[in-house]
Amino acid sequence: MPLPDPAPTPQPVSGAPEASQTYSVMAALKSPRILKTEVLAGLVVALALIPEAIAFSIIAGVDPRIGLFASFTMAVSIAFLGGRPAMISAATGAIALVIAPVARDYGVDYFIATVILAGVFQVVLGVLGVAKLMRFIPRSVMVGFVNALAILIFTSQLPHLFGDKVNAGNRWWIYALVIIGLVIMVLLPRWTKIVPAPLVAIVLLTTATVVAALNVPTVGDEGDLPESLPSLFVPDVPFTLETFQIIAPFALAMALVGILESLLTAKLVDDVTDTHSNKTREAWGQGAANVITGFFGGMGGCAMIGQTMINVKASGARTRISTFLAGVFLLILVVGLGDVVAVIPMAALVAVMIMVSVGTFDWHSVRLDTLRRMPKSETAVMLSTVIVTVWTHNLAYGVGVGVLVAMVLFANRVAHFTTVTRLDASDEDDQRVYAVEGELFFASSNDLVYQFDYSGDPRNIVIDMTKAHVWDASTVASLDAVRTKYEARGKSVTIVGANADTMARLDLLAGRLGGGH
């Protein structure tokens, strides 16, 4: 079956650096050089997916095969359905954490039913345009998201360096293998980029481990690998309202976390490749992939930042071919070549992931000169996103807190840009003119009522709003309160100079907000 050609993909810009180029699937298939890059990238990603999928299965409390099958079906499905070429979707830790209680409390059938329902929710959210909400995520939150992911990727490798399987007999061999792997990946690209450095590191370290018969943790130690292909699976749960009430909260949480992580990862890849992707298609594509995954007995998932960065940054992939082959190679490796894959030392994959974390982190954002120039509010948003994400290991919480902090700081900043000025120069003795300037909303209009001299002003009050804009009902209520205070003293208030949008809001709401006075 031929791979689908993505919706119009920008062609390489003449003279642009290779990192910012992208290609269509057909162009890749016609170019041996590009095709080789895509194939090798898919192989490297597949190798990196295996231990991650097993680890996330353990987090979710299910058989490792459920995580491995999920990674296969997610990668293959999203290659056809997704909106961001070269992005890798598979079983993830964020999803595992969200739905783990279902497997623990209700069993695997309810667990898989939750995955399927989450996919349905994602399709609905995608069709409703949830991807458009990405525009409300500030750049500082994005930087915090990237930095937090880099930290999480790095810290997730620490158990392989200092965990229970590391002892006095193998500790130094593990450290040596990791260091050698890092050296290979740093130095090899300076000599040649014909073969991805991560793949070379994995092959050489595996060969050295086998030849020297080193007693170090391997992929096989992480869990049993499947011996057969995934098959159709229909969860055995009653199709009742009670079942829906049990799984719906977890399914909705999974849907939101999956979409958020996928869209943020897609935005990151857009920046890395200097291209634009279809976020709406990515949102419903993730949902469709999760539905497919559920019906094949997988644990579901979303975009993976680490493996995506291996694919795009470390290996140079740019098309859906690498995503598709990552899933295919994964299945071939764990089913057909399970004995070979099982002997890969975890140290080799740890080295790859450490390089990914270093490459993912936005080092420019923490340079002293950057921090000195950056407004403190922007730095606070970035740090709050990082701290909450790393503390909870939940990207949704981190991004949510980051956006909330950004909104509060922005509202506080804008609130000080509103002024009320009394204009004494009036041709009429019984008239006083006040000029209101700025953006009026709930934060900036709260003190509006205290800016007028209700007792000392003459009978006719004019509020000039030529340089102001009313954004919400809170401001209309404040203006109503001003009018009421003047009218209680037998004085009249006239609003002039308001723009069309402000007048429409005043006409609709003024005097109709009840107890707002």
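It should be emphasised that the depicted structure is a prediction, and the values quoted were computed from it without experimental measurement. Values below: all heavy atoms of this structure, side chains included; hydrogens, waters and symmetry mates excluded.
Judged by distance alone, the side chain of N170 and the main-chain N or O of V216 form no donor-acceptor pair under 3.5 Å. Within the 3.5 Å criterion, the main-chain N or O of I354 finds a donor-acceptor partner in the side chain of S357. With hydrogens and angles disregarded, no donor-acceptor distance shorter than 3.5 Å links the side chain of D362 to the backbone of N147. Judged by distance alone, with hydrogens and angles left aside, the side-chain atoms of N278 form a donor-acceptor pair with the main-chain N or O of R281 at under 3.5 Å. N311 places no side-chain N or O within 3.5 Å of a backbone atom of Q307 that could act as its donor or acceptor partner. Of the possible polar contacts, one joining the T308 side chain to the I88 backbone as a donor-acceptor pair under 3.5 Å is found. At distances below 3.5 Å, not a single donor-acceptor pair connects side-chain atoms of S315 with backbone N or O atoms of V312. For T155 (side chain) and L152 (main-chain N/O), a donor-acceptor pair under 3.5 Å exists by modelled atom type. Looking only at distances, no side-chain donor or acceptor of R318 sits under 3.5 Å from a matching main-chain atom of E38. Although no hydrogens or angles enter the test, the distance criterion places no donor-acceptor pair under 3.5 Å between the side chain of S474 and the main chain of F442.
Interatomic distance, T392 OG1 to I387 CD1, rounded to the nearest 0.5 Å: 11.5 Å. Residue L49 holds its CG atom at 12.0 Å from CG of L331, rounded to the nearest 0.5 Å. Separation of atoms OG1 (T114) and CE (M254) is listed at 8.5 Å; rounding is to 0.5 Å. The structure places CG of L35 at 8.0 Å from CG of L325, a figure rounded to the nearest 0.5 Å. Distance check: L330 CG to M74 CE gives 13.0 Å after rounding to the nearest 0.5 Å. The CD1 atom of I174 lies 10.0 Å from the CG atom of L214; values are rounded to the nearest 0.5 Å.
Enclosure of atom CZ in F410 is not indicated, since only 12 or fewer non-hydrogen atoms of other residues, nucleotides or ligands lie within 6.0 angstrom. More than 12 heavy atoms of other residues, nucleotides or ligands sit less than 6.0 Å from atom CG of N167. Enclosure of atom NZ in K36 by more than 12 non-hydrogen atoms of other residues, nucleotides or ligands within 6.0 angstrom is indicated. Other residues, nucleotides and ligands place more than 12 heavy atoms under 6.0 Å from the CZ atom of R171.
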Problem set entry | Intermediate values then yes/no, side chain to side chain contact (heavy atoms under 4.5 Å, CB included), F296 and F72 | CA-CA 10 Å; F296 277 94; F72 160 67; over 6 Å; no
For this session: Before giving the answer on ring-ring contact (aromatic ring centres under 6.0 Å, His included), spell out for F239 and F244 the whole-Å C-alpha distance, their side-chain angles and the decisive distance to 0.1 Å.
Result: CA-CA 8 Å; F239 196 71; F244 180 80; 9.4 Å; no
Exercise. Under the side-chain hydrogen bond (donor to acceptor under 3.5 Å, both in side chains) criterion, do Q286 and S89 qualify, and how do the steps go?
Worked result: CA-CA 8 Å; Q286 288 286 335; S89 292; 2.8 Å; yes
For this session: Determine, step by step, whether V399 and L264 satisfy the side chain to side chain contact (heavy atoms under 4.5 Å, CB included) criterion, reporting the C-alpha distance in whole Å, the side-chain angles of both residues, the deciding distance to 0.1 Å, and the verdict.
Result: CA-CA 10 Å; V399 173; L264 288 175; 3.5 Å; yes
Exercise. Could you go step by step and tell me if V401 and T385 meet the side chain to side chain contact (heavy atoms under 4.5 Å, CB included) rule?
Worked result: CA-CA 6 Å; V401 169; T385 304; over 6 Å; no
Exercise. Which is it for T209 and V343 under the side chain to side chain contact (heavy atoms under 4.5 Å, CB included) test, yes or no, and what are the steps along the way?
Worked result: CA-CA 8 Å; T209 301; V343 301; over 6 Å; no
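The shortest distance between side-chain heavy atoms of I112 and M299 does not fall below 4.5 Å. Under the 4.5 Å side-chain criterion, counting only non-hydrogen atoms from C-beta, I310 is in contact with M353. L333 places a side-chain heavy atom less than 4.5 Å from the side chain of L43. Between P51 and M346 there is a side-chain heavy-atom pair separated by less than 4.5 Å. Side-chain contact between F56 and I66: absent, with no pair of heavy atoms (C-beta onward) separated by less than 4.5 Å. You'll find the side chain of Y110 reaches within 4.5 Å of the side chain of I247, heavy atoms only. In this structure, L47 and L199 have side chains that are in contact, with non-hydrogen atoms separated by less than 4.5 Å. Side chains of I116 and N290 form no contact here, defined as non-hydrogen atoms less than 4.5 Å apart.
Scanning all heavy atoms of the two residues, the minimum distance from T293 to G300 falls at CG2-N, 3.5 Å. The shortest non-hydrogen separation linking S228 to V335 is O-CG2, 3.7 Å. Of all heavy-atom pairs spanning A255 and A118, the tightest one is CB-O, 3.6 Å. Contact between P345 and L177 at its shortest, heavy atoms only, is CB-CD1, 4.5 Å. Here the closest heavy-atom approach between residue S77 and residue A289 is recorded as CB-CB, 3.8 Å. When every heavy atom of L68 is checked against every heavy atom of A53, the shortest pair comes out as CD2-CB, 3.8 Å.
In this model, a donor atom of one side chain and an acceptor atom of the other lie less than 3.5 Å apart for T240 and T243. Judged purely by distance below 3.5 Å, without hydrogens or angles, the side chains of T92 and E261 never pair a donor atom with an acceptor atom.
Partners of W363 by ring pair (Phe, Tyr, Trp, His ring centres under 6.0 Å), not counting sequence neighbours, listed by chain and number: F361. For K313, there are no salt bridge (Lys or Arg N to Asp or Glu O under 4.0 Å) partners at least two apart in sequence or on another chain. Annotation: ring pair (Phe, Tyr, Trp, His ring centres under 6.0 Å) contacts of F154 (sequence neighbours excluded): none. The ring pair (Phe, Tyr, Trp, His ring centres under 6.0 Å) search around F329 returns none, not counting sequence neighbours. For D270, the salt bridge (Lys or Arg N to Asp or Glu O under 4.0 Å) criterion is met by R84, K279, not counting sequence neighbours.
The aromatic rings of F162 and Y175 sit tilted relative to each other, their planes meeting at an angle between 30° and 60°.
Applying the salt bridge (charged side-chain N to carboxylate O under 4.0 Å, His left out) test to residues at least two apart or on different chains, the pairs with a partner in residues 55-69 are D63-R65.
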